[in-house]
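Report on the following structure.
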Amino acid sequence: METVCKIVDRNVNSQTNYAQAVDILNAGEVVAFPTETVYGLGAIATIDTAVKKIFEAKGRPSDNPLIVHIGTKEEVELYIEHISEVAKKCMDLFWPGPLTLVMPVKPNVLADSVTAGLTTVGIRMPDHPVALDLLQQLKKPLAAPSANRSGKPSPTEAVHVQDDLEGYIPYILDGGTTGIGLESTVLDVTHEPPVILRPGGITKEMLEAKIGPVLQPSKTEQTLETTPKAPGMKYTHYAPNAPVLLIDCDLKKVHEAVHQLQKQGHKVALLAPASFVDSKADYYFSVGEAGSKEEMGAALYHALRACDKTAATIILATTTSTEGVGAAIMNRLEKAAGGKWYTS
């Protein structure tokens with residue numbers, strides 16, 4: 001299959017490119033497109049044969065549910081059985097934006113492959129001009145996980161999508177680099193109080209300031225789910241080719257770890273703040289200024305993918321606190337590392 005990539009930057013050709021994407025989707029195929037979080041791989045969420053092509057292209061387990069993207073808030077009632085008051089409040093406050101709400105799904109409306117057999121579905125309205133233009137021109141919901149091979153770091157640029165899915169998908173809309181760089185927060189509003197199933201750019205603190213108490217289960221509690229209610233809960237994700245080890249954000253510890261690993265014959269790639277540039281690692285990738293979680297979130301997947309372009313045999317990634325968006329960053333780092341830390 002030939003994969004076509006078209007730039008959409010509101011120039012004269014963009015409308016033609018949107019029209020092509022809409023035609024491809026209506027024909028039951030998949031299209032990659034940017035959101036404010038990462039690039040998504042979309043198929044019309046009411047066509048089961050189309051949705052199954054997402055799983056095929058990604059190599060994704062079939063019990064991993066998909067998030068449905070919509071272009072207007074008014075569409076929610078077409079797919080959701082009951083919209084609670086807290087859900088309405090979240091939509092008013094945080095949509096369009098990086099917040100997915102898990103709600104009871106109407107039976108026999110969405111494709112079975114979207115919900116993985118659950119009675120709930122995650123739904124969101126993305127805050128990106130390309131995603132919204134595409135959805136509003138299509139006038140249909142798109143099931144869309146991240147546009148990468150399953151288990152790999154999520155794509156924040158169109159070239160990342162090409163690296164993973166060239167030959168697997170027909171069409172990519174290139175809208176430049178995404179902003180937040182981490183997937184949406186997934187909030188289950190079928191519980192009281194609501195439960196964060198996956199941390200993201202809308203933090204626990206931000207939610208609690210507006211809607212009151214919100215639960216954020218530990219990693220152990222999340223892994224007890226047999227069928228995950230949201231993407232990213234069950235499987236190892238976000239991993240580059242070389243193994244990842246987590247390490248405290250401490251310059252002395254990092255220096256020692258790099259030295260020890262190199263003595264063992266490793267080529268070491270280091271993901272760390274800008275101040276670690278003289279770490280003596282074989283490859284160094286900055287994740288922004290120390291303490292800036294927003295910079296770290298935006299740079300993380302790009303840095304993990306950059307490691308695959310090197311000869312690194314091991315990757316050291318410095319950690320951050322779990323306050324604010326740090327919870328999302330640590331969630332992704334722990335999954336990339338499979339929970340493994342550097343030990344001397």
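Just so we're clear, the structure is a prediction, and the values are computed from it rather than from any experiment.
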Kindly indicate, with the supporting measurements, whether the criterion side chain to side chain contact (heavy atoms under 4.5 Å, CB included) is fulfilled by I169 and V31. CA-CA 7 Å; I169 65 173; V31 168; over 6 Å; no
So, for S286 and P273, which heavy atoms are closest and what is the spacing to 0.1 Å? OG-C, 4.3 Å
Test applied, side chain to side chain contact (heavy atoms under 4.5 Å, CB included); reference residue, V121; option that passes from V114, T100, V109: V114
Treating T120 as the side-chain partner and P104 as the backbone partner, does any N or O pair qualify as donor plus acceptor under 3.5 Å? no
Should K88 and D92 count as an ion pair when the cut-off is N to O under 4.0 Å? no
Closest heavy-atom contact between A111 and I47? CB-C, 4.0 Å
Find out if a path of hydrophobic residues (ILVMFWY) with successive side-chain heavy-atom gaps under 4.5 Å connects L271 to I247. no
For the residue pair T72 and Q136, confirm or rule out a side-chain donor-acceptor distance under 3.5 Å. no
Charged N to carboxylate O under 4.0 angstrom, R149 versus D164? no
Presence of salt bridge, R198 and E183, under 4.0 angstrom: no
Evaluate the side-chain proximity of L25 to K140: yes if any heavy-atom separation is below 4.5 Å, no if none is. no
Once rounded to the nearest 0.5 Å, what's the spacing between atom CE of M206 and atom CG of L93? 10.0 Å
From L101 CG over to C90 SG, what is the distance, rounded to the nearest 0.5 angstrom? 5.5 Å
Measure the spacing between CD1 of I180 and OG1 of T185 and express it to the nearest 0.5 Å. 8.5 Å
Tell me if the NZ atom of K106 is crowded by more than 12 foreign heavy atoms within 6.0 Å. yes
If you count every heavy atom of other residues, nucleotides or ligands that lies below 6.0 Å from E2 atom CD, does the total exceed 12? no
Main chain of L138, side chain of Y18: is a donor-acceptor contact present, judged purely on distance under 3.5 Å? no
Is it true that Y238 and Y301 have ring centroids separated by less than 6.0 Å? yes
Distance from C5 atom SG to L165 atom CG, nearest 0.5 Å? 11.5 Å
With a cutoff of under 4.5 Å between side-chain heavy atoms, which Ile, Leu, Val, Met, Phe, Trp and Tyr residues group with V159? none
Does the side chain to side chain contact (heavy atoms under 4.5 Å, CB included) test come out yes or no for L142 and V68, once each step is laid out? CA-CA 5 Å; L142 285 179; V68 173; over 6 Å; no
For residues V22 and L134, determine if any side-chain heavy atom of one lies less than 4.5 Å from a side-chain heavy atom of the other. yes
Within 6.0 angstrom of F55 CZ, more than 12 heavy atoms from elsewhere: yes
Tell me whether K58 contacts the main-chain N or O of N148 through its side chain, where contact means a donor paired with an acceptor under 3.5 Å. yes
Taking it one step at a time, do H69 and M125 satisfy side chain to side chain contact (heavy atoms under 4.5 Å, CB included)? CA-CA 6 Å; H69 295 65; M125 182 181 174; over 6 Å; no
Heavy-atom side-chain proximity of K293 to T320 below 4.5 angstrom: yes
Spell out, as yes or no, whether a donor-acceptor pair under 3.5 Å connects the side chain of R60 to the backbone of P65. yes
Main-chain N/O of E36 paired with D127 side-chain donor or acceptor, under 3.5 Å: no
Is there a side chain to side chain contact (heavy atoms under 4.5 Å, CB included) between I172 and F33 once you walk through the steps? CA-CA 6 Å; I172 302 168; F33 62 96; over 6 Å; no
Are any non-hydrogen side-chain atoms of P145 and I67 less than 4.5 angstrom apart? no
Calculate, to the nearest 0.5 Å, the distance between atoms NE2 and CG belonging to H191 and L187 respectively. 10.5 Å
Shortest non-hydrogen pair, A242 vs I315, comes out as O-CD1, 3.8 Å
Evaluate side-chain hydrogen bond (donor to acceptor under 3.5 Å, both in side chains) for H266 paired with T313, printing each intermediate quantity in order. CA-CA 6 Å; H266 281 293; T313 58; 2.8 Å; yes
Does atom CD of E323 have more than 12 heavy-atom neighbours, drawn from other residues, nucleotides or ligands, at distances under 6.0 Å? no
Is it the case that one hydrophobic cluster holds both L245 and L251, taking links as side-chain heavy atoms less than 4.5 Å apart, direct or via other members? yes
Is any side-chain heavy atom of V161 closer than 4.5 Å to a side-chain heavy atom of E166? no
When you compare the side chains of R305 and T156, does any donor N or O come within less than 3.5 Å of an acceptor on the partner? no
Kindly indicate whether the side chain of T177, heavy atoms from C-beta on, has any atom under 4.5 Å from the side chain of Y39. no
Main-chain N/O of L182 paired with R332 side-chain donor or acceptor, under 3.5 Å: no
Find out if a path of hydrophobic residues (ILVMFWY) with successive side-chain heavy-atom gaps under 4.5 Å connects V268 to Y283. no
Between E56 and K53, is there a side-chain N and carboxylate O pair less than 4.0 Å apart? no
Please check this pair: side chain of D188 against backbone of T190, looking for a donor-acceptor N/O pair closer than 3.5 Å. yes
Is the backbone N or O of G324 less than 3.5 Å from a side-chain atom of T203, with the two atoms forming a donor-acceptor pair by type? no
Can a donor-acceptor pair be found between the side chains of Y171 and Q20 at a distance below 3.5 Å? yes
Q262 side chain to K280 main-chain N or O, any donor-acceptor pair under 3.5 Å? yes
Considering only heavy atoms from C-beta outward, does the side chain of L197 approach that of V195 to under 4.5 Å? yes
Can you tell if the side chain of R124 reaches within under 4.5 Å of the side chain of L99, non-hydrogen atoms only? no
When you group the ILVMFWY residues by side-chain heavy-atom contacts below 4.5 Å and let the links chain together, are F285 and L261 in the same group? no
In chain order, what residues pass the ring-ring contact (aromatic ring centres under 6.0 Å, His included) check against F276, with sequence neighbours excluded? none
Strictly distance-based, threshold 3.5 Å: is any side-chain N or O of E208 a donor or acceptor partner for the main-chain N or O of P213? no
Quick check: is Y284 connected to V244 through a chain of hydrophobic side chains (ILVMFWY, heavy atoms under 4.5 Å apart)? no
Take atom NZ of K340 as the centre, draw a 6.0 Å sphere, and report whether it contains more than 12 heavy atoms from other residues, nucleotides or ligands. no
Using 0.5 Å steps for rounding, measure from the NZ atom of K89 to the CD atom of E85. 10.0 Å
Any side-chain donor paired with an acceptor under 3.5 Å for S62 and K52? no
